[in-house]
Amino acid sequence: QEPSQDFIFRSKLPDISIPNHLPLTDYVFQRFSGDGDGDSTKTCLIDSATGRIFTYADVQTNFRRIAAGIHRLGIRHRDTVMLLLPNSPEFALIFLALAHLGAVSTTANPLYTQSEIEKQAKASAAKMIITKRCYVKKLTNLQNNGVLIVCLDDEDDDVDGCVRFTELIQADETELPKPEISPEDTVSIPYSSGTTGLPKGVMITHKGLVTSIAQKVDGENPNLNFTGDDVILCFLPMFHTYTLNSLIFSAMRTGAAILIVPKFELNLVMELIQRYKVTVVPVAPPVVLAFVKSPETERYDLSSVRMMLSGAATLKKEPEDAVRLKFPNAIFGQGYGMTEAGTVAKSLAFAKNPFKTKSGACGTVIRNAEMKVVDIISGVSLPRNKSGEICIRGHQLMKGYLNDPEATSRTIDKDGWLHTGDIGFVDDDDEIFIVDRLKELIKFKGYQVAPAELEALLISHPSIEDAAVVPMKDEVAGEIPVAFVVRSKGSRLVENDVKSYVNKKVVHYKRIKRVFFVETIPKAVSGKLLRKELRAKL
Ligand code: AYL
């Protein structure tokens, strides 16, 4: 088969012109420049913890000031800064400030253990970490190695050796020299294990992020119809690109208000929906299950919600149908994406002029992109209704993995196709269904767990000769990480020894939940783990 004979799937929406020559902040706030129609007195960010409001004017002044403050501390174009923060308006403001400077954000889960933070900070060459005082004790080694620590909540007294954030926002934004940002410059480096191995830095460019946002919210008939009248709830973790890309910046581009919640708690979330008349609720599958199971949904007025979007992991048809009943006025649908590829598919039920869609589908390929489904053995592209590996091509893709050209070329082939490692098919109505995963990745409640990371920890134990980690199906979490372990000769190691050895070194969702002792780990002649065989044993 010639490449020209590929079966290529496209959006039902026509391609649009995307201003992806613009740096991220110019694009997001384009309506507020020149003769744009943006109303800068409108609410942009609401902090649900304090009730504090930032208008669109406040947001723009603040991120420019923070940019000037960060610049004054010596951060320059292409330098990397780590954000180690819970959801807060400052998270968005700092990310925008760094983008505006031409600097790079690397976001990490603040609940990471010290060693997880150190690994990412070192690998991404972060020169500065912006955090809260409760996390500072995990940063001592980095600080001793010359990394500058900025502390957000230190108004009353100084945290040892940290710069106060309040100093940054007092900077004069007019002092800031305008950096020359190229569309190919990296704007953020989230971490993802991709299809195999350890977590790697994913280089997202200004052009990639702008394209991904535009594919959703731009055009006469946007695929994701956020508007200036929307109040969009944000409890999904902002350190994840799904939240920054599909929620925060997509909302800002459209002039919507974003209600920021530091931590998901079902009753609080329902109370906020009622109080702020929230119109859009982005979720992950475990949140859908929480709504479905809760007997208390009746106690709240949830009628303002017009849209509920799920993504980040598989959602079956049954919970999807059940949650619809609890939100009678809401359109429900899924998005499907990947850190390396931004949004790959979005339900066309969310379009301004919507299409009829089916539950269980994870959307239709986004516009200005091409998708194909390839046979996992021959690599030949497949027609509709045939399952294979999903591949995606377009300007929204990552530039590559940081310092890892080999992993990059394994993921994006010479023709520009990114191989997702997901198995699915496209049906007669252009809807995509994910049926399995080819890659090693484990998804615990939508969070990434890289088996290779846990395997490395396991085999560092003196009584473990060999180990493999695979996903096991779980009703609540979707998947949980479980380990197959080969004991060293003479060792009396038990399940709890293994768990306590590994689990204190990793964030809660990476914890090994079950251990199975075996004689050998099945491997191919090449030495490659035969994970499928192990999964079959579960
Ligand atoms: P990462 N259904 C099934 N699996 C999914 C789905 C879905 N709707 N969405 C994501 N996944 C899995 O990098 C799939 O295996 O990004 C995919 O390769 O943490 C992997 O999760 C990627 O995990 C959006 C909507 C981004 C979703 C996302 C993905 C966030 C997760 C933008 O608009």
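Ligands are counted one by one from 1 in listed order, and the atoms in each one are counted from 1 as well. Reckoned from all heavy atoms, side chains included, excluding hydrogens, waters and symmetry mates.
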Aromatic plane relationship, Phe249 with Phe95 - under 30° parallel, 30 to 60° tilted, over 60° perpendicular: tilted
Nearest option to atom 10 (C) of ligand 1, as decided by whichever heavy atom of Gly337, Gly363, Gly311 sits closest: Gly337
Residues Lys399 and Thr186: side-chain donor-acceptor under 3.5 angstrom: yes
Phe291 and Phe327 aromatic ring geometry - parallel, tilted or perpendicular at 30°/60° bounds: perpendicular
Close-contact set for ligand 1 against Thr339 heavy atoms, below 4.0 Å: 1 (P), 13 (O), 16 (O), 19 (O)
Per atom 24 (C) of ligand 1, closest listed option by heavy atom (Gly335, Ser246, Ser192): Ser246
For atom 5 (C) of ligand 1, the option (of Pro190, Ala313, Gly194) bearing the nearest heavy atom: Ala313
Donor on one side chain, acceptor on other, Lys216 and Ser212, under 3.5 Å: yes
Residue selection (non-hydrogen contact nearest atom 12 (C) of ligand 1) among Gly342, Ala284, Ala312: Ala312
Modelled atom types, side-chain donor and acceptor of Tyr336 and Asp422, under 3.5 Å: yes
Numbered atoms and elements of ligand 1 in range of Gln448, under 4.0 angstrom, heavy atoms: 1 (P), 13 (O), 19 (O), 23 (O)
Ring center gap for Tyr191 and Tyr112 short of 6.0 angstrom: no
Part of Asp422 with heavy atoms under 4.0 Å of ligand 1, whether side chain, backbone, both or neither: side chain
Per-atom contacts of ligand 1 with Cys362, taking only distances under 4.0 Å to non-hydrogen atoms: 8 (N)
Qualifying residues under side chain to side chain contact (heavy atoms under 4.5 Å, CB included), relative to Asn503, sequence neighbours excluded: Lys499, Arg511, Ile512
Distance filter under 4.0 Å to Gln334 heavy atoms, resulting ligand 1 atoms: 2 (N), 7 (C), 8 (N)
